[in-house]
Amino acid sequence: DMKGVLPCSLKLSGNDKKLDFDILADLTALKTLKFANWFLKKPGYKFDLKSKFSVTPQQIFSEKSHLYVSQGEKTTKVKVDFHASDYLDKEKSSYYVGFKTNQKLDQELGLIEKHISSLETLNLSNGLGKFNCDTFGSNFARQTICGFKIKSTTAQGYGIGDLYGENINVDLISLAYKPLDVSIAIANGDWHGIPYHDAKFNLKANGDMLYISKLKTYSKKGFAEGKIDFNIKSLESDFKINGYNLPANELTEGIWNLGSEVPEGSISGTFEGQTKGVLPEPMFENLIAKANVVIKDGKLSALTSMQKLLTAANTLKSFSINNVFQTLVTYKGGLFDHIITALEYDKGRIATKKLLLKAQQIELNLEGHIDYTNDDLLLSGEGLIPKQSKSFLQTFGIGDANLGNLVSVADLSLVKSQEKRFFDFSLAGPVSQPDLAVQSLRENFTWR
């Protein structure tokens, strides 16, 4: 369906049985350009068609046409093959259109197939690739089959950071009035500093919803798998992710910027829930989720986040909770056997009923919550110093404000026993004022 003026040059040859056309047309000048109820000319784009095609009483066909789609200074050259049969009979007519290009596909994907426009929410920036799409249709039905081979692409500003991938294969099937089905394989890539390889997943687009299923990707010695349901208009999502033996350093740095505090170890666990948004802050503020995490054979090297709460405790010679945590760093480089925890997220509130840490030099059992929405912090727990740590700790340098001391001078006489030492502690206060939490910690630390 075309309406308006069509500037073009035309060369015609043939007879009443077959006419051959050689045409160069500026489709942009048309007021309306509509093909098969889905290909629509959109504002901001320029369309030039160079075509050689033939017309018979039964068919219109071409294998030598090129469509040039331009937006600003960017132009994509698309090879177009088309074939229309019984075009004079609406009941019997059918068509085939094939698109091929070996250039960047920066233009709207919806120009190739209407359903693909659902993917534009991912804000993809594609590198060079091969894009092949074949559409078969009639007045009553249509199907599109596409194969994309992309050298590289980036989903920009999505989630905690850009999602980058290389050597991507995409297989796409679209049926008129049916959900879009896509299978994607990515050889290797990076998500905000977290490397991955051999990623595969299926994507279904249906109305405002994107469904990602059968997701599996590998990272070093581990893998992650899961599924995500995402509403492209409301930005609401449901997710379930399982991970096994993932690198602790890259994961903690990429998500929480705490990689310097966890330079070694592997993480396994599950994370499932709901949230809203695609950027970190709104995603966290709307997050309702549960996580079960195990960190094995790890290392804590800085503990700066914990020290922000505990540094003021050194002003008391008889107080040693800061030294208890710091011994994780100073004893054998902060190595630990495992950390096990179950976390609950509730729109800015993080709570745990159990956090277990086991290392050769210390064992801890914590519970409590950090509520950023209501500016409230409450943590309590118990711990022990295994007797095998005594010989090392008793010969360690002593100083009133030395973070390397497990216990202060006032406590040394109490640890000469060969038995394990147990302690209890708690801290409470505003998240925004850690000094108040530290004050409560001073009043609620006791050796058993």
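Positions are given from 1, in the same order as the sequence printed here.
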Working to the nearest 0.5 angstrom, can you tell me the gap between [X] [atom1] and [Y] [atom2]?
X	Y	atom1	atom2	value
N286	E236	CG	CD	8.5 Å
H338	D297	NE2	CG	10.5 Å
I228	L203	CD1	CG	10.0 Å
K221	L246	NZ	CG	13.0 Å
L215	E225	CG	CD	8.5 Å
H369	N374	NE2	CG	8.5 Å

Would you call [X] and [Y] a side-chain contact if the rule is heavy atoms closer than 4.5 Å?
X	Y	value
I370	V431	yes
L6	L27	yes
T252	I267	yes
M209	D229	yes
C133	F148	yes
V80	F99	yes
T217	S219	no
K358	E363	yes

Exercise for review: Begin from the C-alpha positions of F223 and D198 and carry the test side chain to side chain contact (heavy atoms under 4.5 Å, CB included) through to its verdict.
Suggested key: CA-CA 10 Å; F223 67 86; D198 297 320; over 6 Å; no
May I ask you to check whether over 12 heavy atoms, not counting those of [X], lie within 6.0 Å of atom [atom1]?
X	atom1	result
Y68	OH	yes
Y218	OH	no
F271	CZ	yes

Which atom pair, heavy atoms only, marks the closest approach of [X] to [Y]?
X	Y	answer
D181	K204	OD1-NZ, 2.6 Å
G98	D134	CA-OD1, 3.6 Å
L355	T352	N-OG1, 4.0 Å
K100	N132	CG-OD1, 3.3 Å
L210	A205	CD2-CB, 3.7 Å
T75	S70	OG1-OG, 2.8 Å

Review point. What orientation do Y372 and F284 show, parallel under 30°, tilted 30 to 60°, or perpendicular over 60°?
Key: perpendicular
**Study point:** Lys/Arg N to Asp/Glu carboxylate O, K79 vs D81, below 4.0 Å
**Key:** yes
For the residue pair [Y] / [X], report whether a side-chain donor-acceptor contact shorter than 3.5 Å exists.
X	Y	answer
N202	S213	no
S138	S94	no
D375	S432	yes

Between [X] (side chain only) and [Y] (backbone N and O only), is there a donor and an acceptor less than 3.5 Å apart?
X	Y	answer
T373	K347	yes
N231	S234	yes
S183	D171	no

Distance-only donor-acceptor pairs under 3.5 Å for side chains of residues 47-56, two or more places apart:
from : atom 1 : to  : atom 2 : distance (Å)
D48  : OD1    : K46 : NZ     : 3.0
D48  : OD2    : K46 : NZ     : 2.7
S51  : OG     : S65 : OG     : 2.5
S54  : OG     : D20 : OD1    : 2.6
T56  : OG1    : Q58 : N      : 3.3
T56  : OG1    : Q59 : N      : 2.9
T56  : OG1    : Q59 : O      : 3.4

Review point. Taking it one step at a time, do N249 and E264 satisfy side chain to side chain contact (heavy atoms under 4.5 Å, CB included)?
Key: CA-CA 6 Å; N249 175 256; E264 297 179 14; over 6 Å; no
Practice item. Using the side-chain contact (heavy atoms from CB on, under 4.5 Å) rule, pick out the option among N292, V294, I295 that qualifies with I340. Key: V294
